[in-house]
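Report on one structure; see the data block that follows.
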Amino acid sequence: MIAPDANQPHLAASDDGSFYAAFIKDGNIGFSCSMDKGKTWSAPVVAIDAKGKASGGMQRGPRIAVDGKKTIYITAPMTFDETELGGKKYPVRDLFLAVSTDGGKTFSEPVQINDTPKKAPEALHWLAAAPNGDVFAVWLDLRQRDKGQDLGYVKISEQGKKIGKNGLLPGPLCECCAPGLAVDAKGNPMVLYREGGKTNRSIFLGISTNGGASFSKISRINQGETKIDACPMDAPQVAVSRDGTKIATAWMDFRAGTNLRHVQWSVGAGGRVPPETSASDDAKGGQGHPSLAFDAGGVVWCAWEDTRRGLNAQGIFAADWKTRKNIAVSAEGEGKCGYPTLASAGGTLGVTYESGSSVAFRVVAP
């Protein structure tokens with residue numbers, strides 16, 4: 001266990017075998033790390049003091065990323081506006097960033113990264129860092145809309161000291177599905193999102209070739225119809241191999257039937273995205289909230305929620321693209337588990353997830 005009485009975890013890793021986790025705990029944004037490939041974890045500390053007012057669920061939580069210098073970046077949706085906090089059931093939140101340059105011993109004061117306040121109320125976002133220290137965040141943004149969402153994005157550099165001007169990728173995007181994000185070794189981000197506003201909502205991949213200044217290559221990647229006509233609150237995910245030659249994508253859709261949640265995934269190379277396939281090898285139950293990561297050997301893994309044991313015994317399962325064999329990550333007696341996040345720390349692939357009312361961690365491979 002990483003942290004009791006905590007939720008909405010997110011995981012990052014560095015090549016030396018270290019893992020880093022962010023989560024919501026006691027109304028603040030918590031942080032814990034492991035320097036020994038996940039064997040032991042530090043006691044949780046407060047990375048962002050939200051005065052006990054931070055809350056989240058359904059992927060509305062903090063994100064964490066680590067660059068090549070082991071600078072730690074944590075973003076989270078929150079508000080410090082007493083007008084919002086004073087009696088509103090759903091306070092409008094913005095996105096804030098805190099940075100640590102000493103391994104998580106201390107964090108900077110949080111700074112807002114969406115430059116138009118109160119226009120990212122869904123608080124659904126993602127964060128990723130390149131080895132060179134270029135950091136990117138993407139989120140659902142409605143500054144130019146009364147209905148629907150566009151994709152807001154920003155580049156962060158100089159260890160968090162420089163926050164660029166926000167950019168917008170026109171939507172409409174799915175109203176309550178966070179976008180997925182990855183950054184290649186050259187500092188080029190790629191974003192995966194579910195479209196909104198019509199039936200059979202498709203999955204689109206946007207790739208930047210100019211360091212995040214714009215996303216010029218945008219293409220639909222699902223080859224089968226998703227059968228999704230309204231927001232399922234389930235973020236699609238993207239990952240890129242270390243050498244930049246392979247891109248993996250994963251998402252949940254209803255192609256198997258009404259409300260039958262199945263995770264689809266695909267791995268492409270050379271600009272080609274092959275047809276997707278189901279992650280699960282069991283026809284029972286449903287899957288959702290996938291996560292992706294490449295291991296040290298360049299093989300991509302997917303982890304997801306799975307109800308093959310029953311709705312109240314929802315567990316975490318994983319598979320690698322090479323064998324496609326499903327493995328149970330969470331134990332049968334662990335209770336209901338959800339929201340997995342994979343990360344590769346050198347030769348160790350780990351996953352963090354909600355386990356009941358706690359945040360847990362397991363080594364997936366080797």
Side-chain angles (χ1 to χ4, degrees), residues 10-16 18 20-22 29 31 33 47-48 62-78 94-117 119-120 123-141 143 150-169 178-193 205-217 238-244 247 293 343-345:
H10 196 243
L11 189 67
S14 55
D15 287 343
D16 64 354
S18 299
Y20 311 83
I29 305 304
F31 168 80
C33 62
I48 303 179
R63 304 286 178 259
I64 187 168
V66 179
D67 66 19
K69 293 182 178 179
K70 298 180 68 173
T71 305
I72 303 166
Y73 305 86
I74 294 179
T75 49
M78 60 182 57
D94 292 300
L95 297 173
F96 286 83
L97 166 73
V99 179
S100 175
T101 58
D102 58 9
K105 295 177 182 177
T106 60
F107 283 87
S108 64
E109 289 296 314
V111 294
Q112 188 173 322
I113 62 173
N114 59 310
D115 56 22
T116 302
K119 292 299 181 180
L124 290 160
H125 77 293
W126 223 265
L127 181 74
N132 67 0
D134 288 339
V135 181
F136 297 88
V138 295
W139 63 89
L140 300 186
D141 192 293
R143 71 185 69 184
D150 293 321
L151 180 82
Y153 61 92
V154 67
K155 180 178 179 178
I156 301 162
S157 55
E158 298 179 11
Q159 293 183 304
K161 297 181 180 68
K162 183 177 180 180
I163 298 174
K165 182 180 179 181
N166 291 182
L168 283 181
L169 188 64
L181 177 68
V183 185
D184 68 19
K186 297 178 180 179
N188 289 314
M190 53 198 71
V191 61
L192 193 71
Y193 60 89
L205 175 67
I207 298 177
S208 175
T209 58
N210 55 9
S214 63
F215 292 86
S216 57
K217 297 181 178 180
V238 60
V240 59
S241 61
R242 183 182 293 270
D243 61 8
I247 297 175
S344 180

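Note that this is a predicted model, so its numbers are computed, not measured.
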Distance from Ile113 atom CD1 to Phe136 atom CZ, nearest 0.5 Å?
-> 12.5 Å
Minimum-distance pair of heavy atoms, taken over all atoms of Ile72 and Gly103 | CD1-C, 3.6 Å
State, to 0.1 Å, how close Tyr153 and Val138 come at their nearest heavy-atom pair, and which atoms those are.
-> CB-CG1, 3.7 Å
Considering all heavy atoms of both residues, which atom of Ala182 and which atom of Ala239 are nearest to each other, and what is their separation?
-> CB-CA, 4.0 Å
Could you walk me through whether Val238 and Ile247 pass the side-chain contact (heavy atoms from CB on, under 4.5 Å) check?
-> CA-CA 7 Å; Val238 60; Ile247 297 175; 3.8 Å; yes
Could you tell me which non-hydrogen atom of Val66 sits nearest to which non-hydrogen atom of Ala12, and how far apart they are?
-> CG2-CB, 3.9 Å
Could you pull out the closest heavy-atom pair between His10 and Pro62, with the gap in Å?
-> CB-O, 3.5 Å
Closest heavy-atom pair and its distance - Arg242, Ala185 = O-CB, 3.8 Å
Residues Val183, Asp134; criterion side-chain contact (heavy atoms from CB on, under 4.5 Å); working and verdict | CA-CA 9 Å; Val183 185; Asp134 288 339; 5.8 Å; no
So CG of Asp184 and OG of Ser241: to nearest 0.5 Å the spacing works out to 9.0 Å
May I ask you to say whether Asp115 pairs ionically with Lys165, meaning some side-chain N is under 4.0 Å from a carboxylate O?
-> no
Tell me, do Asn166 and Thr116 make a side-chain contact under 4.5 Å, heavy atoms counted?
-> no
Tyr20 side chain reached by Ser14 side chain, heavy atoms, under 4.5 Å = yes
Lys119 side chain near Asn114 side chain, heavy-atom distance below 4.5 Å | no
How many angstroms lie between OG1 in Thr75 and CG in Leu127, if you round to the nearest 0.5 Å?
-> 4.0 Å
Main-chain N/O of Val99 paired with Ser108 side-chain donor or acceptor, under 3.5 Å | yes
Thr71 side chain to Gln159 side chain, donor-acceptor N/O pair below 3.5 angstrom | yes
Side-chain heavy atoms of Leu169 within contact of Tyr193, under 4.5 Å = yes
Hey, mind stepping through Met78 and Ile29 against side-chain contact (heavy atoms from CB on, under 4.5 Å) and telling me if it holds?
-> CA-CA 10 Å; Met78 60 182 57; Ile29 305 304; 3.5 Å; yes
Side chains of Met190 and Phe215: does their closest heavy-atom pair fall under 4.5 Å?
-> no
Note, Leu192 side chain near Trp126 side chain (heavy atom, < 4.5 Å) | no
Out of curiosity, Lys70 NZ to Asp15 CG, how far, rounded to the nearest 0.5 Å?
-> 10.0 Å
Taking NZ, NE, NH1 and NH2 as the nitrogens, is one of them in Asp141 or Arg143 under 4.0 Å from a carboxylate oxygen of the other?
-> yes
Could you tell me whether the side chain of Ile163 reaches within less than 4.5 Å of the side chain of Val111, counting heavy atoms only?
-> yes
Heavy-atom side-chain proximity of Ile48 to Phe107 below 4.5 angstrom = no
The reported gap from CD1 in Ile74 to OG in Ser100 (rounded to nearest 0.5 angstrom) is 8.0 Å
From His125 NE2 over to Leu140 CG, what is the distance, rounded to the nearest 0.5 angstrom?
-> 11.0 Å
